[in-house]
Amino acid sequence: MNASSSTPDNETEDLQSAFRYDAALADQIEGEWQRRWSEEGTYEAPNPSGPLASQEVDARPKLFVMDMFPYPSGSGLHVGHPLGYIGTDVFARYKRMTGHNVLHTMGYDAFGLPAEEHARQTGEHPRANTENNIANMQRQLDRLGLGHDKRRSIATTDVSYYRWTQWIFLQIFQSWYDVEIDRARPISELEDLLAAGDRSTSDGRPWIEMDPTEKRRELDHWRLAYLGDAPVNWCPALGTVLANEEVTAEARSERGNHPVFRRPMKQWMMRITAYADRLLDDLERLDWTDSIKTMQRNWIGRSEGSQISFATSAGSKIEVFTTRPDTLFGTTAMVLAPEHPLVETLVAETWPENTPQRWTGGAATPREAVENYRREASELTDLERQENQSKTGVHIGAYCSVPVNGLQIPIFVADYVLMGYGTGAVMSVPGQDQRDWDFAKVFEIEIIRTVEPPSAFDGEAYVGDGPAINSDFLDGLYINDAKQAMIDWLEREGHGARTVTYKLRDWLFSRQRYWGEPFPIVYDDTGLALAVPEDQLPVELPELIDWAPRALDEASDPEPPLGRATEWATATYNLGDGDLRYRRELNTMPQWAGSCWYYLRYLDPDNEEQLIDPLVESYWMTDSEGGVGGVDLYVGGVEHAVLHLLYARFWHKVLYDLGHVSGPEPFQRLYNQGYIQAAAYQDKRGVYVDAEDVVESDGNYFYQESPVTRTFGKMGKSLKNSVTPDEMYSAYGADTLRLYEMFMGPLDQDRPWETKSVIGSHRLLQRVWRNLIDESTGAATVIDSPPSDALQRMLHRTIAAVAEAMESLRFNSAIARITELNNELSRRAEPVSRELAETLILMLGPLVPHIAEELWKRIGNTNSIVHTRFPEADPKFLLDELAELPVQINGKLRSRIVVATGSHEEALQEAALSDERIAELLRGKEIRKVIVIPDKLVNIVAS
RNA sequence: GUCGGAGUGGCGGAAUUGGCAGACGCGCUAGACUAAGGAUCUAGUGCCCGUUAAGGGUGUGGGGGUUCAAGUCCCCCCUCCGACACCA
């Protein structure tokens, strides 16, 4: 790092330029202004009521700008981390200056595995570790000069915060989804409906015949948060169960890449599937990128089709789900997932006569074949199953009949059919489905095409549209009509019905961890869950000594660490029958829980009486322009495209149904910032070397004289390519770092970090400073006379461009325009008009607040620029009287003419044709046509 | 494989509705200041031809098309990045 004045040798020059804008001066200015902002509460945004309200009602329009809050990592920040935070800060500052009441703050998503992993290694309690990390990270962020309302900051680990996380859990626990009115309702209302017979119970028994325990079990059946007995993803290395979303396709944990095993276990589940359609439909009302919307749509995975029953000789019917009921006449086999429950009852004792050898898997009986196949399938990892795309399976010796034509078709088990989707059973139609085609080829199953392929078609299964063939009453119909006709027939004949299925599963909500929110749930002797009363919240985490997960092997079973807090594990509550002892729920909530609602707590951070004051909620969360409402701008990485954003939307919708929030969506506009990448260098052995010490020569890279190869990747320890904000502060100051990060490119794009380029942003600030300040005295050099007409025009064009760029988050363009203006001032090398100087400073304000405040003060102002109006372009300066227009011949630029703006076509044509060069070039040519676009160009077509 | 997104100088990137491609910055070249410059300032800088110059040609991943005019619109192809992945 070479700050110009930091070497002792140029002290002489330093004395001459004691007020040159360098790292030392920047550091001093930044410290002073950060102190003043903090003392004056400059960034505090008033609420309409409650403790954070200001004296008078704030008439400004509100704007809620938010970053995805970080996990407070122990390793500290590198320059890639704050990119989004700087972006939102610039936008928030710009909006403050255009008269908005801007809420911008920051919190910490502080529960989670890393603190426990760290604790396991060091013995430091997760809370102590977490608090240290938060303090450290806060210090690093403060140094950037982010304009946050500190009063509103929270950490999900604060007891006063997770008390309300627990409260929300109870709301969900005590609700059910009424499909008739399509929203969640309190469970007490269901009780009334069941008692009145307006809803039938899950097994059809009358409510009044149930004993109290049966009634509780019945209600539990309906709850939005319920105990499910599904197979879970048990990760022994992490000592916890994981959600499907936290497990990779290779059956490993997303965090740490440890093996994950399937285990059946009683787990808390959230009925997010009840909201599948609303989560899908409301996407259309959101200002999010199409790619994120598409990812959510794919994740929800809604598909319409029909359920069809196939009768078997054994009596049980096989239900399949298909999106192509129109192809039913082409069904030539039935394929079940290996885990399908009906396999047991359907499997035949002996092979039927004439069973082809290849169907038997070489086994003596169908049962043996199925058992062998199941064993082989279970020994494959998901990855192997995926790589092995050739179809395998065995016949189970039984047949079922195709309802529409009575055809007897063989039943198979095969692992290409997944138990987790649809009904775990597939009607195999090789003519119209490539997977079925592949399967049919292996087992020599008959192929009947039911859609006529185009004559040129030479593929295998044909999935395109076309007229139905070989399909009796469907013949000639195209796919859509054929589907309708078939579904009508199935419904009329009682063989099936129109249905919808989803890929989305219910959300597995418990973790066998210490460092998470305890459930506000206890159990009595029935083993059924009971809510801890709201007025008994929070259920605080016990201070465990032995909190670390046990080292566990593959054969182990899930075991929550809270079970070791023996005193805490039971509790006395009065739940209506007097004080009784209850067993506590020992699982904790997943990290997603705390991030599902933090935006609401920012709004009313000190409320102990209710989740949020409705007045405050509707003030910040309602869109005055009639949009769906919610956070006005939410900025974060694309990695949360499905999980966090789907969970938070789900919780918000539940709160909306129950009347706790005023709108259906939490985040109106979502913006995904890109990532900062950095060059990383590997030597011959492939070992990463310190990027800082690599030198370039003629496009090749060397580390200690030896050639190294360059790649780009995420900044971090493993690639040895981190650059810390602290290094940038000491070389240039925080404003330069902010400016550089914003100048590198559009906010939503990944961009490579280049330390050598940072100097460019520093130079801009130095030149601005020099244009307004005498570097030897520190006094302002501005003069009071107005700027020249030409400068005035340039200034207002700049204002218009900068405002537009700020509005659309194109900060790189805004900076370019400001640079152009400042370059012009440098070129003129004359004292700058105060009017122009003020405008320039205000435009810089959102980007580089410290130096802007300092310049503002030095040219004679006493107020802060934070709430000063952003300059507005005066239209009268935007139009020049004269304009230089290009003149083209046959589309090629040949000359330019200077004409009055607003000149009519004839005048322009004449000016163009009488231009010397043009006349010269046109000599001897025939003018065929002249295109004149006023104020744009003239194009002469000649030959 | 399917679905998204993107390809513009040596590099990061600009370019409203189709209307002067390469703004702005880095780097590079030359010069100024200097004991010195990895500081600062000034000028130049897409590529090719043209001794300088005037000028000309060419140019936004490739190929075709629409148009007076295409980085921008249409068709086909290639490459890279991201997500999902036997979803019936």
Side-chain angles (χ1 to χ4, degrees), chain A residues 2-7 9-10 13 17 20 22 249 289-295 297-299 301-303 305 320-324 327 335 385-386 388-389 391 414-418 420-429 432-436 438-439 501-503 638-639 641-642 696 699 739-740 743-746 748-761 763-764 766-767 770 775 801 804-805 810 812-820 823 826-827 829 884-894 896 917 928-933 935-942:
Chain A
N2 283 286
S4 62
S5 57
S6 61
T7 52
D9 290 351
N10 46 15
E13 197 180 339
S17 309
R20 162 166 290 186
D22 58 14
T289 59
D290 286 337
S291 76
I292 299 278
K293 287 186 186 182
T294 304
M295 282 189 227
R297 284 191 191 108
N298 290 344
W299 191 262
R302 179 191 156 100
S303 56
V320 304
F321 171 76
T322 178
T323 56
R324 293 292 302 276
T327 64
V335 189
R385 224 167 121 154
Q386 219 175 93
N388 180 15
Q389 294 272 343
K391 298 287 178 285
D415 65 2
Y416 83 93
V417 175
L418 308 173
Y421 184 77
T423 60
V426 168
M427 58 182 233
S428 183
V429 188
Q432 267 69 233
D433 184 292
Q434 188 61 42
R435 295 156 303 180
D436 294 343
D438 295 340
F439 187 76
T501 60
Y502 302 87
K503 244 160 62 177
V638 71
E639 72 272 16
V642 262
E696 194 209 320
L739 192 63
Y740 174 64
F743 184 62
M744 289 165 84
D748 56 354
Q749 237 170 65
D750 292 349
R751 75 268 328 256
W753 176 267
E754 267 192 342
T755 297
K756 70 172 189 196
S757 297
V758 180
I759 187 72
S761 297
R763 278 185 198 138
L764 170 61
Q766 261 183 346
R767 289 170 188 167
R770 192 179 304 121
E775 289 191 334
E804 199 188 317
R810 287 168 18 239
N812 53 330
S813 296
I815 295 166
R817 301 310 295 262
I818 293 172
T819 308
E820 280 184 286
N823 285 350
S826 300
R827 206 168 296 125
E884 192 183 63
L885 300 191
V887 181
Q888 300 176 334
I889 296 177
N890 294 334
K892 292 190 180 187
L893 178 67
R894 290 303 182 213
R896 298 165 195 279
R917 240 183 85 64
R928 298 188 164 274
K929 197 172 173 186
V930 180
I931 315 279
V932 180
I933 314 290
D935 294 334
K936 285 283 185 191
L937 57 50
V938 179
N939 187 11
I940 299 156
V941 187

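All figures in this text were calculated on a predicted structure; none of them were measured in a lab. Residue numbering restarts at 1 for every chain, and letters A, B, ... go by the order of the sequence lines.
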Engineer: Tell me the interatomic distance from A:K929, atom NZ, to B:U67, atom P, rounded to whole angstroms.
Structural biologist: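 Between P of B:U67 and NZ of A:K929: 10 Å.
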Engineer: B:G9: syn or anti, with syn meaning chi within 90° of zero?
Structural biologist: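 With its glycosidic angle within 90° of zero, B:G9 counts as syn.
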Engineer: Which heavy atom of A:F439 sits nearest a heavy atom of A:A414, and at what distance?
Structural biologist: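 Scanning both residues, the minimum pair turns out to be CE1-CB, 3.7 Å.
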Engineer: Answer with base, sugar-phosphate or nothing: what part of the nucleic acid does A:K293 contact at a heavy-atom distance below 4.0 Å?
Structural biologist: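 Counting heavy atoms under 4.0 Å across all strands, no contact is made by A:K293.
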Engineer: Rounding to an integer number of Å, can you tell me how far A:I889 CD1 sits from B:A69 P?
Structural biologist: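 In whole Å, B:A69 P lies 15 Å from A:I889 CD1.
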Engineer: Sticking with atom P, work out how far B:C11 lies from B:C20, rounded to a whole angstrom.
Structural biologist: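 Taking atom P in both B:C11 and B:C20, they lie 24 Å apart.
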Engineer: At what distance, to the nearest 0.5 angstrom, does CG of A:L937 lie from CZ of A:R896?
Structural biologist: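 Output value for this atom pair is 11.0 Å.
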Engineer: Quick one: CZ on A:R20 to CD on A:Q766, what's the gap to the nearest 0.5 Å?
Structural biologist: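 The CD atom of A:Q766 is 5.5 Å from CZ of A:R20, to the nearest 0.5 Å.
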Engineer: Taking the C1' atom of each, how far is B:G61 from B:C78, in whole Å?
Structural biologist: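 After rounding to an integer number of Å, I get 7 Å for this pair.
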Engineer: What's the separation between atom CE in A:M427 and atom CG in A:D436, rounded to the nearest 0.5 Å?
Structural biologist: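 The CE atom of A:M427 sits 8.5 Å away from the CG atom of A:D436.
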Engineer: What's A:R767 touching, base or sugar-phosphate or nothing? Going by heavy atoms closer than 4.0 Å.
Structural biologist: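 A:R767: backbone/sugar contact only, no base atoms under 4.0 Å.
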Engineer: Counting any heavy atom closer than 4.0 Å, what does A:R817 reach on the DNA or RNA strands: base, sugar-phosphate only, or nothing?
Structural biologist: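 No contact.
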Engineer: For a quick check of understanding: with a heavy-atom distance under 4.0 Å over all strands, which category does A:T289 fall into, base, sugar-phosphate or nothing?
Structural biologist: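 Nothing, no heavy atom under 4.0 Å.
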Engineer: Please give the distance between the C1' atoms of B:C26 and B:A32 as a whole number of Å.
Structural biologist: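 These two C1' atoms come out 22 Å apart once rounded.
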Engineer: How many Å lie between OH on A:Y502 and C1' on B:A88, as a whole number?
Structural biologist: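 Spelled out: OH on A:Y502 to C1' on B:A88 is 17 Å.
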Engineer: Starting from C1' on B:G12, measure out to CZ on A:R810 and report it in whole angstrom.
Structural biologist: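 Value for this atom pair: 17 Å.
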Engineer: Between A:E884 and A:R894, which is nearer to the 5' end of RNA chain B once each is assigned its nearest nucleotide?
Structural biologist: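 This one resolves to A:E884.
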